[in-house]
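Working notes, beginning with the structure itself.
Hydrogens, waters and symmetry mates play no part in the numbers below; they use all other heavy atoms, side chains included. Lettering of chains follows the sequences in order, A, B, ..., and the numbering in each one begins at 1.
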There are 2 protein chains.
Amino acid sequence: MSEALHILKRHQLSNTDSRRTVLEVFLQSESALAHQDIERETGERFDRVTIYRTLQTFIDKGIVHTIPTADNGTKYALCRENCSEGHHHDNHVHFICDVCGKTSCLDDVAIPSVRLPEGFSVTKIDMVVNGICVECR
Amino acid sequence: MSEALHILKRHQLSNTDSRRTVLEVFLQSESALAHQDIERETGERFDRVTIYRTLQTFIDKGIVHTIPTADNGTKYALCRENCSEGHHHDNHVHFICDVCGKTSCLDDVAIPSVRLPEGFSVTKIDMVVNGICVECR
DNA sequence: AGTTAATTGCAACTCCGTTGCATTTTAACT
DNA sequence: AGTTAAAATGCAACGGAGTTGCAATTAACT
Ligand SMILES: [Mn+2]
Ligand SMILES: [Mn+2]
Ligand SMILES: [Zn+2]
Ligand SMILES: [Zn+2]
């Protein structure tokens, strides 16, 4: 059974053309993908709305997570850690290359802890680093 | 001379109604502001476009900086550090309260350094913390 | 006050994402 | 395999955020 199918099964999602295809695109991609990238990579076979809904489903199930980009766009990437329905616990830094524009999960780079002023509590931390990636230097 | 006027002078910006008023709104606000907040706080006296352009001017001059929000919106806040034309060097953590929704600059909380994999260089780091603020706990 | 350049308001437009609804597809059950 | 109910899809329409071109207005300087 294909990896994509396996993931769908594991999250009790029905095996539809768009879900399988979108998942395969993610599995083959090394960097995070924008909605447009997915439209293109799937050969424009699916309606924009279907892709939006597919992505939302994947987020809800903990299959992908979103990454905020500098220009207020969203990119999507597979969750490597064990995210579950309704709860993501990605704790890694995201990197955006100023040259090639690729957005990547630095899965091995944990977000450092930070000491907040008295009385503030933390539920979530996002850390996005811009710079030049190893391939573009 | 008012603080707002002083800031405009210092950055060689002409003293216009909208710029002065928008600056005053920032000076009186404790938290970061969305475009809509500014429209409202200025009493709908200015065209949306004028406010967008005013904000862009302030960003260019290093008077305000932007803060990415979880829902891909943008908030704006005064630069406290000495940002200059074309170069911001804000190095502080931003905090978004899950309860009151207020976004604030934690000017005293520096973004911790982070060790990236070999070959990656850094030009900019954003750190956005969600949680509950001191007033809402 | 008069001149010139910068700023503003308005209308139109693009881009991203969402919603309602009719049609199609999936999965479960004879 | 055929039937059926629920889920997923495509399409059209909509809404909000931000941008652009252009004519009218305003600020700065003499
Ligand atoms: Mn990631
Ligand atoms: Mn700030
Ligand atoms: Zn790169
Ligand atoms: Zn709060």
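Within the structure, a side-chain polar atom (N or O) of A/S18 is placed less than 4.0 Å from OP1 or OP2 of D/dT9. Distances shown here put every side-chain N or O of B/T50 at or beyond 4.0 Å from the OP1 or OP2 atom of C/dT7. Within the structure, a side-chain polar atom (N or O) of A/T74 is placed less than 4.0 Å from OP1 or OP2 of C/dG17.
Whole-Å rounding puts the B/I51 CD1 to C/dT8 C1' distance at 12 Å. Atoms CZ (B/F46) and P (C/dT8) sit 8 Å apart, rounded to a whole Å. To the nearest angstrom, P of D/dG18 lies 10 Å from CD1 of B/I59. For the pair A/I38 CD1 and C/dC16 P, the interatomic distance rounds to 13 Å; values are reported in whole Å. Between the CG atom of A/L13 and the P atom of D/dA6 there is a distance of 19 Å, rounded to whole Å.
For A/N15, counting side-chain heavy atoms from C-beta on, the closest listed nucleotide (C/dA27, D/dA8, C/dT7) is C/dA27. Distance from the side chain of A/R53 is smallest to C/dC21 among C/dG17, D/dT19, C/dC21. When the nucleotides D/dG18, D/dG10, D/dA7 are ranked by their closest atom to the side chain of A/S14, D/dA7 comes out on top. Side chain of B/D47, nearest nucleotide from C/dC10, C/dG17, C/dT8: C/dC10. Checking D/dG18, D/dA17, C/dG17 against every side-chain atom of B/N72, the shortest atom distance belongs to C/dG17.
A salt bridge does not link B/R80 with B/D90: every distance from a Lys NZ or Arg NE/NH1/NH2 to an Asp or Glu carboxylate oxygen is 4.0 Å or more. Using a cut-off of 4.0 Å between Lys/Arg side-chain N and Asp/Glu carboxylate O, A/K124 and B/D98 are scored as not salt-bridged.
Checking side-chain atoms of B/T42 against main-chain N and O of B/E39 turns up a donor-acceptor pair under 3.5 Å.
Sequence order on DNA chain C of the closest nucleotides to A/R20 and B/R19 puts B/R19 first from the 5' end. Nearest-nucleotide positions on DNA chain C place B/T57 closer to the 5' end than the other of A/Q56 and B/T57. Along DNA chain D, the nucleotide nearest to B/R48 and the one nearest to A/V49 differ in position, and the one closer to the 5' end is contacted by A/V49.
By the criterion of side-chain heavy atoms lying less than 4.5 angstrom apart, applied directly or through intervening Ile, Leu, Val, Met, Phe, Trp or Tyr residues, A/I125 is grouped together with A/L106 in one hydrophobic cluster.
Between B/H89 and B/H65, the ring center distance fails the sub-6.0 Å criterion.
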